[in-house]
Amino acid sequence: MKNSRSLLRIALAVFTPFLCWGSSAFAQTTPASTNTLEERVAQSKASLKLQLSAAQSQKISQKCADAQSLLKTIADKDKASADKRQQIYTDLSTKLTTNIRTLQNQNADITSLKTAQVQFDTAINRYVSDAATYKTAIDDIVAVKCASDPIGFQSLLVNTRQYRATLASDSTQIKTTAKSALVQALIATSKVLDNTQAGGSQ
Amino acid sequence: MKPQNPPTEQQKNGLIEPELQHNIPVKLHDSQIPKNPINSQVSASAKDSKKSHEPDDKILQEVNKSVKEADKKPAKKSLFSFHKKQTGSKLETLKPEKIEPSKAKPPSKPVFAVVSAVIAAAVLSVAAVYAFSAKNSGAPLTSSQQSTNTDKVSSTPTQSTKITSSDLTKAASDLNSKVDSLNDAQDFNANDLSDSSLGLQ
């Protein structure tokens with residue numbers, strides 16, 4: 001009996017820190033519950049705190065159904081363009097990684113290339129994250145019961161516009177990084193290879 | 001010939017009842033006759049039933065011996081076994097000399113509880129470590145479940161051929177053209193979500 005108690009104490013002393021750490025990590029992993037449409041609408045309304053007059057609410061309630069049809073078309077188009085864009089970004093990043101590994105095996109100087117690659121991939125990852133947020137927002141605005149919740153509909157619409165603008169900014173950043181940092185690094189590395197080959201041949 | 005007894009109820013039901021054999025002629029050794037108090041007791045009991053209980057102890061000892069002998073040679077039917085049956089009541093009071101205690105103890109409940117608690121804590125710890133590592137794993141997931149984390153190995157295997165400067169120049173050109181093919185103005189036109197475009201005005 002005494003041995004059982006001491007064993008239990010030791011087990012608790014060893015595993016309690018892991019349990020506390022794990023619970024905090026798990027809490028960080030799972031943010032505040034926004035898994036349902038209602039929760040996201042409530043969160044959007046709480047963050048924006050929009051106020052509509054009676055006339056505005058009535059107008060939105062009357063016209064939002066047609067707006068949702070148009071938004072559905074926009075959502076489908078955006079999804080297609082987002083998938084195509086993401087595929088191009090992924091291919092570019094993969095090819096760049098392959099070239100860098102090959103150059104590394106050749107003992108070439110890839111410092112500038114790796115720096116540019118980090119910037120490029122960071123910009124792409126930011127776009128990917130924001131694209132998921134935008135997709136959720138536009139799907140929510142299509143699904144929300146706008147006639148009974150005009151404020152919710154309007155809040156989601158405002159958020160969707162913001163996320164779309166953020167996506168445009170992310171894409172511009174990717175283009176800038178690719179054209180300036182990455183292309184320049186590729187050209188600089190090619191010149192170094194030229195010099196190395198020329199020096200070796202002499 | 002001794003007439004056979006009619007079948008009893010137990011025999012009819014298939015159970016075999018032991019038959020008591022009376023007056024079995026047993027050849028006794030000469031040494032046994034004087035040492036056998038039972039015999040003397042049996043022979044004396046008919047003469048004097050009001051004797052004291054002093055021979056009872058001797059009887060018990062002898063019966064003990066007979067029990068041991070019966071354990072060793074159970075097949076033999078001797079006078080002792082016969083007397084064993086006669087003195088059944090005394091035998092019932094006898095206790096075996098040794099009763100080996102059961103060494104195997106059932107597992108105690110506290111140990112089981114402790115072991116299950118330790119296992120549960122280990123499982124929870126593993127789950128916590130996995131959740132933490134998944135949180136810090138890197139790039140977010142896309143719709144095609146692809147990420148562009150620089151630490152990840154590319155899906156394309158490393159080329160074994162050398163890369164020349166012309167390859168890098170071509171890669172730069174390819175990068176430019178593909179990035180330019182993406183029409184940001186068309187894909188992210190702010191006018192698409194305006195009130196006028198959506199008919200909310």
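Side-chain atoms are counted along with the backbone in the values below, which use heavy atoms only and exclude waters and symmetry mates. Residue numbers start from 1 in every chain, and the chains themselves are labelled A, B, ... in the order their sequence lines are given, proteins ahead of strands.
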Taken to the nearest 0.5 Å, the spacing of K84(A) NZ from L182(B) CG works out to 6.5 Å
Requested in this report: For K95(A) and L175(B), run side-chain contact (heavy atoms from CB on, under 4.5 Å): C-alpha distance rounded to whole Å, both residues' side-chain angles, the deciding distance at 0.1 Å, then the answer.
Outcome: CA-CA 10 Å; K95(A) 282 181 185 174; L175(B) 177 66; over 6 Å; no
Output for pair (L198(B) CG, I60(A) CD1), nearest 0.5 Å, gives 11.0 Å
Under-4.0 Å salt bridge between K63(A) and D195(B)
no
**OP:** Count the heavy atoms of every other residue, nucleotide or ligand shown that sit under 6.0 Å from NZ of K170(B), and state whether that count exceeds 12.
**Re:** no
Cut-off 4.5 Å, heavy atoms of chain A, and the answer for S166(B) is neither
Nearest heavy-atom approach of S165(B) to D194(A) is OG-OD1, 2.6 Å
Turns out that what part of S194(B) lies under 4.5 Å from chain A's heavy atoms comes down to backbone
Checked L103(A), L113(A), D66(A) vs chain B; the most non-hydrogen pairs under 4.5 Å come from L103(A)
More than 12 heavy atoms of other residues, nucleotides or ligands under 6.0 Å from NZ of K72(A): yes or no? no
Is there a donor-acceptor pair under 3.5 Å between the side chain of R161(A) and the backbone N or O of L193(B)?
-> yes
Between I187(A) and A172(B) the two heavy atoms that sit nearest each other are CG1-CB, 4.4 Å
Heavy atoms of R164(A) and D187(B) approach each other most closely as NH2-O, 3.3 Å
Answer key: most heavy-atom pairs under 4.5 Å with chain A among N189(B), L168(B), D167(B) is L168(B)
Honestly, the part of K135(A) sitting under 4.5 Å from a heavy atom of chain B is neither
**Request:** Under the side-chain contact (heavy atoms from CB on, under 4.5 Å) rule, what do L200(B) and L157(A) come out as? Steps first, then yes or no, please.
**Result:** CA-CA 11 Å; L200(B) 292 172; L157(A) 182 58; 3.6 Å; yes
Any chance you could lay out the side-chain contact (heavy atoms from CB on, under 4.5 Å) test for N176(B) and K179(A), step after step, and finish with the verdict? CA-CA 6 Å; N176(B) 258 329; K179(A) 282 178 168 294; 3.2 Å; yes
Scored by heavy-atom pairs under 4.5 Å with chain A, the best of V179(B), D184(B), T164(B) is D184(B)
Applying a strict 4.5 Å limit to non-hydrogen atoms, the region of L167(A) in contact with chain B is both
- [ ] Evaluate whether atom CD of Q58(A) has more than 12 neighbouring non-hydrogen atoms of other residues, nucleotides or ligands under 6.0 angstrom away.
- [x] no
Whatever's closer than 4.5 Å to a heavy atom in chain B on T172(A) counts as both
When the 4.5 angstrom heavy-atom criterion is applied to K59(A) and chain B, the contacting part is side chain
d(D192(B) CG, L71(A) CG) to nearest 0.5 Å is 10.0 Å
